[in-house]
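Quick notes on the structure that follows.
Atoms considered below: every heavy atom in the structure, side chains included; atoms not considered: hydrogens, waters and symmetry mates.
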Amino acid sequence: MNNRSEYSPISLIGHPLLWIIIWTVVIYIHVFNGDFLNWDDRFFIENKYVENLNWHNVKLLLNPANPVETGNMYHPVLFLSLSFDFYLWHLNPFGFHLSNFIMFLINIFFIYLVTLKLFNEKFIASMTALLFAIHPVHVEPVGWISARTFLLAGMFSFMSFYFFIDSFKGTYRYVRYSFSVILYICALLSQPVVMLYPALLVFYLYYFPSNTDIKKGFHKILSGIPYCMSVIAYMAVLYFSHAQRTRNLIDFTIYDKIFTAIVIFSRYMKLLLWPSKLCILYTVNIAESFHDYSIIISIIAVLLFFSLVIYGFFKDRQLLFPLIWFAIFYIPVSNMFIFLDFSMADRYIYIASFGIYLFFSLICYRLMSNSRRIMTLFMYGLLIIIFSAFSVMTFNRVNVWQNSFNLWSDTVKKSPSYAHAHMGLGIEYEKKGMIDEAIREYEKVIELEPDSIKGHMNLAACYYSRKCYDMSIIHSKKALTIDPSLVLARNFLHDSYTGKMKDMSGSEEAFLNMSMEVEKYMLLGRKFKEEGNKYLAINEFTKALKLNPFCEQACYNLGLLYIEKGDKEKGQKFLLYLLELYPDRKEDVKKFLDDFQ
């Protein structure tokens with residue numbers, strides 16, 4: 001009867017986890033209205049390997065040397081989950097956001113179970129799960145489809161740890177242990193931030209001995225071997241499958257890494273304790289010496305953390321566990337060993353943050369258990385304020401992540417020095433037909449990154465749509481100077497010259513007549529050139545160039561013909577003019593221009 005009443009509908013209605021989930025749905029309700037973002041959602045979703053869920057593509061996704069992704073990552077589980085979503089929802093963003101949110105709820109559920117297993121106290125489990133559910137720093141991995149990799153890694157890690165600590169007592173222990181190992185492999189194939197997870201298991205076995213039946217230290221070591229072997233295999237995959245995957249291991253000095261890691265640690269602590277001014281792109285100014293005040297503050301934060309770790313090690317193993325959890329999942333994103341694409345991001349500490357919430361919950365529980373009633377009432381009041389503030393912050397942050405325009409508008413305000421933020425906002429302005437605003441953002445991109453090909457190309461497109469052909473020509477040329485193989489830039493350049501000629505002609509009819517005349521002179525010029533009559537050929541090409549000063553073939557032919565006649569100086573003049581018009585022709589005329597060096 002007692003067991004039945006424990007799981008009766010009435011008891012379930014009063015269960016704190018149910019209300020945590022309901023409240024999470026309330027504050028995340030707008031996430032289901034979210035769209036795909038113009039950062040890299042389209043790369044992941046509109047991918048031929050994702051769009052076709054078949055055995056051939058599944059094998060390619062699982063193949064470490066696959067053509068699906070390059071760089072420092074190998075996370076096939078992410079692509080498989082996206083492929084399954086595409087199979088169900090196609091390009092309906094609601095389905096993808098629904099999957100992200102369900103994964104988030106599963107994370108909350110297993111956080112509650114893990115905490116309850118560790119400390120056998122519902123208050124600690126409920127408070128930790130609630131903090132994890134409502135903390136604004138988690139909106140990024142929940143609201144951004146491309147950040148699902150951290151949701152997956154967290155989900156499999158929490159599940160793996162739950163089955164690991166549950167595998168040392170009761171029946172079917174080996175089944176649960178095997179299940180834990182498989183889940184960890186899935187976590188590793190979702191996001192390598194979990195690479196140090198085996199160290200957490202070793203710590204658990206030695207510092208929570210009462211929770212296990214393992215008596216001998218040798219057997220404790222043996223239980224961690226499959227997890228360690230999984231990490232070694234994964235690292236081997238990264239190393240041998242693609243050279244670029246490990247390129248960031250040696251790019252920075254030890255001093256860069258130390259300063260970066262110290263500063264970012266304090267920034268993360270600040271975000272977790274009071275998550276104001278959250279942003280997708282943080283401006284992190286790394287100090288170059290210990291004389292900088294930001295370094296001093298950061299060092300104090302690091303020393304305080306290590307002091308708590310030392311205190312926990314000698315005095316309080318329960319408090320030590322959440323600190324070790326945070327350290328194990330923070331180290332891979334600390335920039336100490338591998339510099340990440342971005343120095344810091346909310347999603348990077350998604351799994352590690354559980355340790356801070358658990359630590360805070362333990363402190364609150366002890367204060368409320370061992371203090372007078374007035375202190376208990378004060379703590380409840382403080383917690384209500386914190387939970388209310390976090391809920392409002394999260395609700396507002398979800399609205400920011402609903403679409404690209406909201407996201408980049410928010411990012412430009414908070415991190416104006418990032419060219420990518422201005423690029424994203426410019427694209428959204430352009431979609432809305434707000435060309436002047438788009439040009440303003442693209443100009444900012446060029447100011448921050450002068451060699452941004454995409455910035456120059458987008459400016460060329462905007463100016464072309466405004467019929468500002470001279471500006472379109474300038475930016476098309478700049479893009480071609482940076483990348484001569486850019487076909488789109490060449491097309492814009494050609495179209496801009498054509499548009500300029502139409503303006504010079506005065507009317508469409510006059511432009512067509514002029515084009516016909518130019519084509520006639522070009523045909524005659526080619527005919528005389530083939531016949532070897534250089535004088536007449538030059539005469540016809542000159543007439544064509546006079547009518548159309550931007551005629552590429554007329555410039556090229558005149559340059560070659562004058563060189564063949566022996567007038568190399570005049571030939572060089574036309575070839576240099578050709579390069580001025582079309583920078584991508586450099587390789588074609590280089591052999592002729594080299595003679596004048």
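- Between the side chain of Ser81 and the backbone N or O of Leu78 there is at least one donor-acceptor pair closer than 3.5 Å.
- With hydrogens and angles ignored, the 3.5 Å screen pairs no side-chain donor or acceptor of Tyr234 with any backbone N or O of Met229.
- Residue His75 holds its NE2 atom at 6.0 Å from CZ of Phe79, rounded to the nearest 0.5 Å.
- Within the 4.5 Å cutoff, side-chain heavy atoms of Phe104 are placed close to those of Thr24.
- In this structure, Asn403 CG and Asn33 CG are separated by 10.5 Å, a value rounded to the nearest 0.5 Å.
- The backbone N or O of Ser160 sits less than 3.5 Å from a side-chain atom of Ser180, completing a donor-acceptor pair.
- Under the 3.5 Å distance criterion, the side-chain polar atoms of Lys117 are left unmatched by any main-chain donor or acceptor of Tyr162.
- Other residues, nucleotides and ligands contribute only 12 or fewer heavy atoms inside 6.0 Å of the NZ atom of Lys122.
- To the nearest 0.5 Å, atoms CG (Leu105) and CD1 (Ile20) are separated by 11.5 Å.
- For His420 and Trp408, the gap between ring centers is short of 6.0 Å.
- You'll find the side chain of Phe101 reaches within 4.5 Å of the side chain of Val25, heavy atoms only.
- Of the N and O atoms on the side chains of Arg366 and Gln318, at least one donor lies less than 3.5 Å from an acceptor on the other residue.
- Here CZ of Phe326 is found 5.0 Å from CD1 of Ile356. Values are rounded to the nearest 0.5 Å.
- Checked against His135 for a ring pair (Phe, Tyr, Trp, His ring centres under 6.0 Å), the options Trp274, Tyr28, Phe390 give a single hit: Phe390.
- Between Leu362 and Tyr365 there is no side-chain heavy-atom pair separated by less than 4.5 Å.
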### Task
Test side chain to side chain contact (heavy atoms under 4.5 Å, CB included) on Met375 and Met368 and set out the steps.
CA-CA 7 Å; Met375 175 59 75; Met368 296 168 74; over 6 Å; no

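- Note that OG of Ser334 and CZ of Phe265 are 10.5 Å apart. Values are rounded to the nearest 0.5 Å.
- Residues Tyr357 and His138 bring their aromatic ring centres within 6.0 Å.
- Side chain of Arg347 to backbone of Ala147: no donor-acceptor contact under 3.5 angstrom is found.
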### Message
For Val31 and Gln402: C-alpha separation, side-chain torsions, deciding distance, then whether side chain to side chain contact (heavy atoms under 4.5 Å, CB included) applies.
### Response
CA-CA 6 Å; Val31 79; Gln402 272 197 302; over 6 Å; no

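- Nearest heavy atom pair, residue Pro226 against residue Ser230, reads O-OG, 2.8 Å.
- Side-chain contact check for Leu383 versus Met127: some heavy-atom pair is nearer than 4.5 Å.
- Heavy-atom minimum distance, Tyr184 versus Val231: OH-CG2, 3.0 Å.
- Residues Tyr227 and Phe164 place their aromatic rings such that the two centres sit under 6.0 Å apart.
- A donor-acceptor pair shorter than 3.5 Å cannot be found between the side chains of Ser190 and Thr149.
- Nearest heavy-atom pair across Phe32 and Ile29 is CD1-O, 3.3 Å.
- The shortest side-chain heavy-atom distance between Leu358 and Ile124 falls under the 4.5 Å cut-off.
- The aromatic ring centres of Phe110 and Phe161 sit 6.0 Å or more apart.
- Using a 4.0 Å cut-off between a side-chain N of Lys or Arg and a carboxylate O of Asp or Glu, Asp410 and Arg397 qualify as a salt bridge.
- Here the closest heavy-atom approach between residue Cys186 and residue Val77 is recorded as O-CG2, 3.8 Å.
- In this model, no donor atom of one side chain and acceptor atom of the other lie less than 3.5 Å apart for Asn100 and Trp144.
- Phe354 pairs in a ring pair (Phe, Tyr, Trp, His ring centres under 6.0 Å) with only one of the listed residues (Trp325, Tyr112, Phe132), which is Trp325.
- Separating the OH atom in Tyr380 from the SG atom in Cys364 is a distance of 10.5 Å, to the nearest 0.5 Å.
- Looking at every heavy atom in both residues, Thr115 comes nearest to Ala125 through CG2-CA, 3.6 Å.
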#### Entry: Derivation of the side chain to side chain contact (heavy atoms under 4.5 Å, CB included) call for Ile145 and Asp85
CA-CA 11 Å; Ile145 295 168; Asp85 268 354; over 6 Å; no

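- A side chain to side chain contact (heavy atoms under 4.5 Å, CB included) with Val309 is found for exactly one of Leu304, Leu323, Leu319, namely Leu323.
- In Leu303, the CG atom is crowded: over 12 heavy atoms of neighbouring residues, nucleotides or ligands sit closer than 6.0 Å.
- Using modelled atom types, no side-chain atom of Ser415 and backbone atom of Val412 make a donor-acceptor pair closer than 3.5 Å.
- Under a 3.5 Å cut-off, the side chain of Asp346 and the backbone N or O of Glu140 do not form any donor-acceptor pair.
- Counting heavy atoms from C-beta outward, Val400 and Asn396 have side chains that stay 4.5 Å or more apart.
- Scanning both residues, Phe359 and Pro322, for their nearest heavy atoms gives N-CB, 3.7 Å.
- Heavy-atom neighbours of Phe123 CZ from other residues, nucleotides or ligands within 6.0 Å: above the threshold of 12.
- Side-chain contact check for Trp89 versus Leu98: some heavy-atom pair is nearer than 4.5 Å.
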